[in-house]
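To start, the structure itself, in structure tokens.
None of the values given here were measured: they were computed from a predicted structure. We number each residue from 1, following the sequence as shown.
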Amino acid sequence: MKIALIGLPQVGKKTVFSLLTGVGVDHLLARGTEYHVGAVKVADPRVDKLTAMYNPKKTKYAEIECTLAPAPPHEPKPREQWLNKLKDMDAFCHIARAFEDPAVFHMNGTVDPLRDIDAMNLELAISDLSLIETRLNRIAQDQKKKFDQERADEAALLEKLRPHLEAGKSLREYPWHEGEEKRMRSLQFLTVKGIVTALNCGESNFPNPQLVEQAKAKLTGPRSEVCALSAKTEAEVAQIENPAERAEFLSALGVTEPAIHVLTRALYKALGYISFFTTGEDEVRAWTIRHGATAVEAAHAIHSDIARGFIRAEVMKYPDVIGAGDTGHAAEVKLKETGKLYLKGKDYIVEDGDTVHIRHSG
């Protein structure tokens, strides 16, 4: 699960990366424009509530690998290298500047996040169009030497994708038929990947719901998310150690939790992942699987040996666990007595928030 933080210069990427990963801004500034990598814990209130119920020795949140990318270079060769680096990512987080500050320059002269969103969308689409042209030329040359039906089918699909991109749409929105997206996977198109646009507002214009709605109109299709935050304010919140004082500060802003927490969940959603939970006195843990994964795939996420020895999955729904009114094991006993502990086979499609105990041999 790899996310790249992208955006123009002076939009707050380093501050957001620091808030997400805990890597200090001073460290980032000292290392210049290189790519930085850190781990992001996905803030999940469900994990917090389960932890309060079970009082485990350890709590483990889902995690995302996050790469801080430099601003898009102007020169062709470095720009090509920048785009190739993005192809290794599973999704993007575009930081768009929405704050006014005369002390911080904007490369385009004025602050206009909607314009910058359009520019980034165009950047990614042009990369995909260029890739299509290169691939079609290569296929045409190969077909002159020896015809291959599989290559002909690939070229036909690429010819369908080209006008879709030229119309200003991402490949996330393309109506893929069965097997088509998988066939194109090796080309690593950028606009097929999930994307989160994080509008970095100032304290005076946060949370700015109107701007969020305008940005959403520019990012349609699955696995595209938009959220707002004020990185400068979030950094101030992060420095408040007293929980009561932090809650009071957030309340004054009209929010119930740090916006950076909301951003972690948006990133997770853009990746196309969901969480299921395992619970006990030793550990409460969020495990990561793709949407639509089966019980045996969930078992494999825990350990391959558990998947091989899979017998059944004991599934409890998160609302039922929380609503049981007991703590830990007592809640599970109550759910079993009331028929809300479900026995599922290996083909069961795990739902987001399921508490799953895998029974296995060995």
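In terms of modelled atom types and a separation under 3.5 Å, the side chain of T134 and the main chain of S130 share a donor-acceptor contact. No side-chain donor-acceptor contact under 3.5 Å links T67 to the backbone of V37.
Under a hydrophobic clustering in which Ile, Leu, Val, Met, Phe, Trp and Tyr are joined whenever their side-chain heavy atoms come within less than 4.5 Å, directly or via other members, M107 and L5 fall into the same cluster. In the hydrophobic cluster analysis, where Ile, Leu, Val, Met, Phe, Trp and Tyr join through side-chain heavy atoms closer than 4.5 angstrom, L250 is grouped apart from V262. With hydrophobic clusters built from ILVMFWY side chains whose heavy atoms lie under 4.5 angstrom apart, V284 does not share a cluster with I302.
Expressed to the nearest 0.5 Å, how far CZ of F277 lies from NZ of K49 amounts to 11.0 Å. Of the inter-residue distances, the one linking T264 atom OG1 with K269 atom NZ reads 13.0 Å to the nearest 0.5 angstrom. To the nearest 0.5 angstrom, T51 atom OG1 is 9.5 Å from D44 atom CG. Note that CG of D118 is 13.0 Å distant from CD of E123, once rounded to the nearest 0.5 Å. To the nearest 0.5 Å, atoms CH2 (W82) and NZ (K87) are separated by 12.0 Å. Once rounded to the nearest 0.5 Å, the distance linking CG of N121 with OG1 of T191 reads 9.0 Å.
Salt-bridge check for E314 with K344: failed, with every basic side-chain N at 4.0 Å or more from each acidic carboxylate O.
For the residue pair E283 and T278, no side-chain donor N or O sits within less than 3.5 Å of a side-chain acceptor on the partner.
Checked against the 6.0 Å centroid criterion, the rings of Y174 and H164 qualify as a close aromatic pair.
The side-chain tip of R312 does not point at the ring of F310 from less than 6.0 angstrom away and within 45° of straight on. In this structure, K85 satisfies the cation-pi test against Y35, with its NZ or CZ atom closer than 6.0 Å to the six-membered ring centre and inside 45 degrees of the ring normal.
The shortest side-chain heavy-atom distance between L211 and L114 falls under the 4.5 Å cut-off. Contact check for N208 versus L199: no side-chain heavy atoms found under the 4.5 Å cut-off. Looking only at side-chain heavy atoms (C-beta outward), Y268 and S275 come within less than 4.5 Å of each other. With contacts defined as side-chain heavy-atom distances shorter than 4.5 Å, the pair T355/V315 does not qualify.
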**OP:** Would you sort out whether L190 and L171 count as a side-chain contact (heavy atoms from CB on, under 4.5 Å), showing the intermediate values?
**Re:** CA-CA 8 Å; L190 297 181; L171 294 182; over 6 Å; no

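For L129 against R162, the heavy-atom pair with the smallest separation is CD2-O, 3.7 Å. In this structure, A259 and F206 approach most closely via the heavy-atom pair CB-CZ, 4.0 Å. Scanning all heavy atoms of the two residues, the minimum distance from P72 to M120 falls at CG-CE, 4.3 Å.
Partner of I95 under the side-chain contact (heavy atoms from CB on, under 4.5 Å) criterion, out of V16, L229, D116: V16 alone.
Under a cut-off of 6.0 angstrom, the local environment of CZ in R138 is sparse, with at most 12 non-hydrogen atoms contributed by other residues, nucleotides or ligands.
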